[in-house]
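One structure is given below, encoded as structure tokens.
A quick note: this is a predicted structure, and the numbers were derived from the prediction, not measured. Atoms considered below: every heavy atom in the structure, side chains included; atoms not considered: hydrogens, waters and symmetry mates.
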Amino acid sequence: MIKTILKNSYIQKEITTHSATVIFSHGLGDSGAGWIDVMEEIQSRNNGHIRFICPNAPVQAVTLNGGFKMPSWYDIKSLSSRGDEDPAQVDQSKNIIETIIKHEMEEEKIPAERIIIGGFSQGAALSLYTFYSQTETKLGGCIALSGYLPLATKFEANPLNKEQPLLMIHGDCDQVVRHQWGKLSFDHLKSQGINGEFITLQGLGHHSSPEEIDLMTKFISKTLPK
């Protein structure tokens with residue numbers, strides 16, 4: 001399975017000795033190719049020891065788009081609400097991320113606490129869910145851009161990664177994943193004792209920006225130093 005996953009991923013290999021990894025998941029309808037240039041930019045800022053892996057989501061029908069098949073980590077029924085995600089589909093995609101984590105730990109000999117997972121939009125949602133549902137793997141941290149917590153009404157964060165750092169960034173002009181949804185997700189997690197920061201970027205819509213990339217770079221450099 002891991003060979004297929006990595007074959008279908010975009011990978012920015014380390015420049016120096018590989019001692020840390022970032023696994024970053026794209027949003028609905030996108031691919032790892034949409035973010036690999038950002039990862040290359042972050043790596044160029046004195047992060048040559050980090051390998052960046054951007055996996056591709058499976059292609060499946062999305063109710064929101066009339067059942068049209070596209071890259072999606074799980075089905076999305078509407079933009080007007082959250083919490084009705086299919087648990088089985090979310091867990092299937094969680095397994096993809098966990099398979100990459102296991103490979104980095106066992107084959108590349110990277111300690112779990114030297115691995116960050118993150119993503120944008122639906123990929124951010126998957127990363128939050130994966131990060132806070134770990135029962136055995138204490139990861140380095142999590143990044144969620146323009147995201148939300150799926151299955152939030154029933155979600156209880158596992159204690160293992162509660163003390164590990166979370167960076168959530170959301171634009172206040174996001175018309176796809178509303179800023180309110182991101183903040184409510186963060187507040188829900190914060191009420192459970194997680195260690196995180198929620199940053200609002202003024203004027204940012206449902207996309208990234210140089211300021212956001214700067215914030216990501218600082219978080220990654222601090223969490224995964226040489």
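Judged as a side-chain contact (heavy atoms from CB on, under 4.5 Å), and not counting sequence neighbours, the contacts of Ile11 are Leu6, Ser9, Lys13, Arg51, Ile53. Phe155 is linked by a ring-ring contact (aromatic ring centres under 6.0 Å, His included) to Tyr129, counting only residues two or more places apart in sequence or in another chain. Take Asp214 and apply the side-chain contact (heavy atoms from CB on, under 4.5 Å) test, not counting sequence neighbours, and it matches Arg45. Shown here are the salt bridge (charged side-chain N to carboxylate O under 4.0 Å, His left out) partners of Glu98, two or more places apart in sequence or in another chain: Lys94. Applying the side chain to side chain donor-acceptor pair (under 3.5 Å) criterion to Ser208, with sequence neighbours excluded, gives Glu212. For Lys190, the salt bridge (charged side-chain N to carboxylate O under 4.0 Å, His left out) criterion is met by no residue, not counting sequence neighbours. Legend: residues meeting ring-ring contact (aromatic ring centres under 6.0 Å, His included) with Phe24, ordered by chain and number and at least two apart, are Trp35. For the side-chain contact (heavy atoms from CB on, under 4.5 Å) test, residues two or more places apart in sequence or in another chain that qualify with Asp37 are Glu40. In this view, Phe52 satisfies the ring-ring contact (aromatic ring centres under 6.0 Å, His included) rule with no residue, not counting sequence neighbours. Under the side-chain contact (heavy atoms from CB on, under 4.5 Å) criterion, Lys222 pairs with no residue, sequence neighbours left out. Evaluation of the ring-ring contact (aromatic ring centres under 6.0 Å, His included) rule for His206 yields Phe120 as partners, not counting sequence neighbours.
Considering only heavy atoms from C-beta on, Ser25 stays 4.5 Å or farther from Thr130 through its side chain. A 4.5 Å side-chain heavy-atom check between Ile169 and Glu211 finds every atom pair outside the cut-off. Residues His207 and Leu204 are in side-chain contact: their nearest non-hydrogen atoms beyond the backbone lie under 4.5 Å apart. Two residues are said to be in side-chain contact when any heavy atoms from C-beta on lie closer than 4.5 Å; Pro225 and Arg114 meet this criterion.
Distance check, rounded to the nearest 0.5 Å: CG of Asn195 to SG of Cys142 gives 12.0 Å. Residue Thr137 holds its OG1 atom at 11.0 Å from CZ of Phe131, rounded to the nearest 0.5 Å. The structure places CG of Asn95 at 4.0 Å from OG1 of Thr99, a figure rounded to the nearest 0.5 Å. The distance from atom CE of Met216 to atom CD1 of Ile116, rounded to the nearest 0.5 Å, is 9.0 Å. Atom CG of Leu189 sits about 6.5 Å away from atom CG of Leu128, to the nearest 0.5 Å. In this structure, CD on Glu85 lies 9.0 Å from CD on Gln122, to the nearest 0.5 angstrom.
In this structure, the side chain of Asn161 does not engage the main chain of Gln164 through any donor-acceptor pair within 3.5 Å. Under a 3.5 Å cut-off, the side chain of Ser191 and the backbone N or O of His188 do form a donor-acceptor pair. Of the possible polar contacts, none joining the Ser121 side chain to the Gly123 backbone as a donor-acceptor pair under 3.5 Å is found. Listed for the Ser127 side chain is a donor-acceptor partner under 3.5 Å among the backbone atoms of Gly118. Here the side chain of Lys162 pairs a donor or acceptor atom with the backbone of Gln192 at under 3.5 angstrom. Remark: side-chain polar atoms of Asn56 are paired, donor with acceptor, to backbone N or O of Asn8 under 3.5 angstrom. Not one N or O on the side chain of His18 forms a donor-acceptor pair closer than 3.5 Å with the backbone of Glu108.
Cluster membership check: Leu184 does not share its hydrophobic cluster with Val177, using side-chain heavy-atom separations under 4.5 Å among Ile, Leu, Val, Met, Phe, Trp and Tyr. Put simply, Val59 and Val62 are part of two different groups of oily side chains (I, L, V, M, F, W, Y) that touch within less than 4.5 Å, one to the next. When hydrophobic clusters are built by joining Ile, Leu, Val, Met, Phe, Trp and Tyr residues whose side-chain heavy atoms come closer than 4.5 Å, directly or via intermediates, Tyr148 is grouped together with Leu166. When the side chains of ILVMFWY residues are joined at heavy-atom separations under 4.5 Å, either directly or via intervening members, Ile220 and Leu201 end up in a single hydrophobic cluster. Linking Ile, Leu, Val, Met, Phe, Trp and Tyr whenever their side-chain heavy atoms come within less than 4.5 Å leaves Tyr10 and Met70 in two separate clusters.
Across all non-hydrogen atoms, the minimal contact from Val176 to Trp181 is O-CZ3, 3.5 Å. When every heavy atom of Leu126 is checked against every heavy atom of Val90, the shortest pair comes out as CD1-O, 4.0 Å. Nearest heavy atoms, Asp30 versus Pro71: O-CB, 3.3 Å. For Asp174 against His170, the heavy-atom pair with the smallest separation is OD2-NE2, 3.5 Å. When every heavy atom of Asn47 is checked against every heavy atom of Ile42, the shortest pair comes out as ND2-O, 3.1 Å. For the pair Ser146 and Gly205, the tightest heavy-atom approach, listed with the atom from each and the gap, is OG-O, 4.5 Å.
Residue pairs satisfying the salt bridge (Lys or Arg N to Asp or Glu O under 4.0 Å) criterion with at least one member in residues 127-154, sequence neighbours excluded, are absent.
Under a cut-off of 6.0 angstrom, the local environment of NZ in Lys77 is crowded, with over 12 non-hydrogen atoms contributed by other residues, nucleotides or ligands.
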Ring pair (Phe, Tyr, Trp, His ring centres under 6.0 Å) between Phe198 and His179, worked out: CA-CA 11 Å; Phe198 185 94; His179 177 270; 5.4 Å; yes
Criterion side-chain contact (heavy atoms from CB on, under 4.5 Å) on Gln134 and Asn158, from CA distance to verdict: CA-CA 6 Å; Gln134 293 303 301; Asn158 189 280; 6.0 Å; no
Verdict with supporting geometry, Ser72 and Leu28, side-chain contact (heavy atoms from CB on, under 4.5 Å): CA-CA 5 Å; Ser72 180; Leu28 177 67; 3.4 Å; yes
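Ring orientation note: the planes of His26 and Trp73 are tilted relative to one another, at an angle of 30° to 60°.
Between the side chains of Thr63 and Asp75, at least one donor N or O sits under 3.5 Å from an acceptor N or O.
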